There are 2 protein chains.
Amino acid sequence: MATTIIDVAKEANVSPSTVSRVIANNPRISERTKQKVREVMDRLDYHPNFQARNLAAKSTKTIGVIMASSSVLAFQNPFFPEVLRGICSAAHASKYGMYLSTGETEEEIFDEVVSMTQGRRVDGIILLYSKVKDRTMDYLQSIDFPFVVVGRPFENEASVTYVDNDNTAIAAEVVDYLLSLGHQDIAFVGGDINYVVSRDRLAGYQQALETAGIPFQQAYYLQDSTVNEDGASAIDALFHLPNRPTALIAHDDLTAYEIISILERKEINVPTDISIISFNNHVLSQHLRPPLTSVDIQIYDLGLEATECLLNKMDDPKLPATHRIIGAKIITRESCARRGID
Amino acid sequence: MATTIIDVAKEANVSPSTVSRVIANNPRISERTKQKVREVMDRLDYHPNFQARNLAAKSTKTIGVIMASSSVLAFQNPFFPEVLRGICSAAHASKYGMYLSTGETEEEIFDEVVSMTQGRRVDGIILLYSKVKDRTMDYLQSIDFPFVVVGRPFENEASVTYVDNDNTAIAAEVVDYLLSLGHQDIAFVGGDINYVVSRDRLAGYQQALETAGIPFQQAYYLQDSTVNEDGASAIDALFHLPNRPTALIAHDDLTAYEIISILERKEINVPTDISIISFNNHVLSQHLRPPLTSVDIQIYDLGLEATECLLNKMDDPKLPATHRIIGAKIITRESCARRGID
DNA sequence: CTGAAAGCGCTTACAG
DNA sequence: CTGAAAGCGCTTACAG
């Protein structure tokens, strides 16, 4: 059996309470006693049992991280490691541990969250996604468990703590950038519309067009799932339009890569024939040919600040909901060009 | 306060022991009682407290996943999300949870592992890397804690359970492939030599050359850190050699991308002027221009099988160490070509 | 500044 | 098939 607090207490000729207080570095214990107890802890190679400590103290010092369902996509998405890195870094700084969800379906994830929270496996939860009508989020709110969302909540925005980019504004900015290059016929390949981020970016796209007096065309709007499933024909349709687009906004770099590959096979040149810009600024985007113009949404900071918000919330559950907006900026590379004269 | 086993027991008119047995689905409890108790659990929305259960049962049903130090690299490495996906999937199938290390330095990671194991925070550990002279691994072995390594251990290979590719053989195969294309002057950009994987691949490279009767040239061997720090000049040196290489093997796709970008700036064409092949077969490798020939090492399977091995080990700690070798294969794309006539 | 005691919420021999 | 009791290894009022 591993050595326990009792062993240490006996060896140091103090009570277990005292050992416990030394572990917690309680100021009411004399330095002399602390030294003595610490020496014994070292000598016996004592390490407190987490379960016992957590049970007694009613806290776990761990954060639950919930990924979106369909793990293949969640993991493949370059967003994931980067946001995790941010979370990791903030958690580590506050000596918190990270517990990762493993559920694969929405149902499983929901059940996992219920048992994580009810079973007190974690002290707080970070939701790595924001979905329309999300049971999990509703549930967390209903039991008043400390949580924070990376992304803007679909409902109850004011009462939920979240960290997000201003996706609507960024998407509008992207459109403006293309407009400034002389483009008018701008296609938009958006993400899954069940995620709020996809809706926000679409809204930004539409608003910017409207501001510029350019009507929104349904045919210019695709979902990235279409491209990933049968990319060639979706892109084909786009390029057989009477006014074929001269610019295209992709929901993320992966989609952009996919599209560029398809275009290449059709001998459509980027950026000469069509300008392409996307979101997320993947590490590899600079290595693509042409190097991809992409929006840096500061994923690491999203994770970092989400964790800080959560830590605050856990510290003081009565704190009002906070919202942090992380800046983003267009990283100009070579996939966008001034519109040629038709 | 959350509802406890006592609440359920009272409500169902049984003892807490019985409720506990119903939770564990103990066959000695009658179906009738089970039904009754389950109904009450549902009605009261009861969820067992993990800490209490773990403390009493002396098991945590969670796996600790330890990443290599220097988290920036660990996270950025595309290896990470993919191996995690494999682990996740196997853990989930066995209803295990995942606890992630957050340490940033080797020292911190070591301390984390000590407290994870001594503090019984996890039942088993997966080491996501294998380093030369690794304290952490030595420690795990010394306390006889269930663990498995993704990668080949540097020492005590026979007594440590691990999952790995046969990196030596694969590297040799890569060389043979290039030889078959007529290349003789083959450069090798390897990984950090503190990792066993880097050593194995280098060994495979050297062996294959030797078998082919081609002397190993120190000038043809670089470490990827050199390329990442001051890529241009390292590559420059390579191309100013009297016999400049006509082929190059890169430790991973990221390094290959980096090199290709540098070459492009020098107007050295891949594959006309130099053939490039690398390891890991990143999702995006097919989208690079030219599409990158790369070795698929089946990262997902590495994670999956490592977890299975660990689960077995935890089930029966007396089991002898097992070693699983995961297959790998060269995915031929367009970055390698037959050697031109000089 | 320190200790004795109760309690955190479970599981599991032991007994019947 | 079920229950009473001890115990898992801590923390934390309470008391002095």
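Keep in mind it's a predicted model, so treat the numbers as computed, not measured. In the text below, chain A, chain B and the rest are named by the order of the sequence lines, each starting its count at 1. Scope of the values below: all heavy atoms of this structure, side chains included, with no hydrogens, waters or symmetry mates.
Spacing between atom CD of Gln51(B) and atom P of dC10(D) amounts to 14 Å, rounded to whole angstrom units. When the C1' atom of dG9(D) is taken as reference, atom NZ of Lys58(A) falls 15 Å away, rounded to whole Å. Rounded to whole Å, the distance from CD on Glu31(B) to P on dT2(D) is 11 Å. Regarding Asn13(A), its CG atom lies at a distance of 17 Å from the C1' atom of dA4(C), rounded to whole Å. The CD-C1' distance, from Gln118(B) to dG9(D), rounds to 14 Å in whole Å. With rounding to whole Å, Asn54(B) atom CG is found 15 Å from dT12(C) atom C1'. Summarising the geometry, the separation between CD1 on Ile6(B) and P on dC10(C) is reported as 8 Å, rounded to the nearest angstrom. Asn49(B) has its CG atom 17 Å from the P atom of dG9(D), to the nearest Å.
Between the side chains of Lys34(B) and Asn25(B), at least one donor-acceptor pair of N or O atoms lies under 3.5 Å. Between the side chains of Ser17(A) and Ser20(A), no donor-acceptor pair is found at a separation under 3.5 Å.
Taking the side chain of Ala56(A) as heavy atoms from C-beta on, and the options dT2(D), dC10(D), dT12(D), the nearest nucleotide is dC10(D). In the set dA4(C), dT11(D), dG9(C), the nucleotide with an atom closest to the side chain of Ser17(A) is dA4(C). Nearest to the side-chain atoms of Thr4(B) among the listed nucleotides dC10(C), dT11(D), dA4(D) stands dC10(C).
Side chain of Thr161(B) to main chain of Val148(B): no donor-acceptor pair is present (N/O by atom type, distance under 3.5 Å, no hydrogens or angles). Counting only distance, with no hydrogens or angles, the side chain of Gln51(B) and the backbone of Thr60(A) share no donor-acceptor pair below 3.5 Å. Judged by distance alone, with hydrogens and angles left aside, the side-chain atoms of Asn194(B) form no donor-acceptor pair with the main-chain N or O of Lys131(B) at under 3.5 Å.
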Can you give each donor-acceptor pair under 3.5 Å made by side-chain atoms of residues 92-101 of chain A, sequence neighbours left out, with the distance rounded to 0.1 Å?
{"residue": "His92(A)", "atom": "NE2", "partner": "Glu108(B)", "partner atom": "OE1", "Å": "3.0"}
{"residue": "Tyr99(A)", "atom": "OH", "partner": "Arg121(A)", "partner atom": "NE", "Å": "3.3"}
{"residue": "Ser101(A)", "atom": "OG", "partner": "Met67(A)", "partner atom": "N", "Å": "3.2"}

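Qualifying side-chain contact (heavy atoms from CB on, under 4.5 Å) partners for Ala56(A), counting only residues two or more places apart in sequence or in other chains: none. Partners of Lys313(A) under the salt bridge (Lys or Arg N to Asp or Glu O under 4.0 Å) rule, at least two apart in sequence or in another chain, do not exist in this structure.
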Bracket string, DNA chain D, 5' to 3' - pairs by Watson-Crick or G-U geometry under 3.5 Å, | interstrand: |||.||||||||.|||
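Under 4.0 angstrom from either OP1 or OP2 of dA4(C) there lies no side-chain N or O belonging to Ser15(A). In this structure, Arg53(A) reaches the dT11(D) phosphate: one of its side-chain N or O atoms is under 4.0 Å from OP1 or OP2. Note on Thr33(B): a side-chain N or O is less than 4.0 Å away from OP1 or OP2 of dT2(D). Listed pair Ser30(B) / dT2(D) meets the phosphate criterion, a side-chain N or O lying under 4.0 Å from OP1 or OP2. Side-chain N/O atoms of Ser20(A) include none lying less than 4.0 angstrom from OP1 or OP2 on dT12(D).
Residue-to-nucleotide proximity on DNA chain D shows that, of Leu55(A) and Asn26(B), the 5′-proximal contact is made by Asn26(B).
Nucleotides dT2(D) and dA6(D), compared at atom P, are 23 Å apart to the nearest Å. Taking the P atoms as reference points, dC10(C) lies 24 Å from dC14(C), given to the whole Å.
Using a 4.0 Å cut-off between charged side-chain N and carboxylate O, Lys36(B) and Glu39(B) make no salt bridge.
Residues in residues 5-54 of chain A take part in no ring-ring contact (aromatic ring centres under 6.0 Å, His included) pair, two or more places apart or across chains.
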Show me the protein contacts with nucleotides 14-16 of chain C, counting only N or O atoms at under 3.5 Å.
none

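Val19(A) comes within 4.0 angstrom of no nucleic acid atom, judged by non-hydrogen atoms across all strands.
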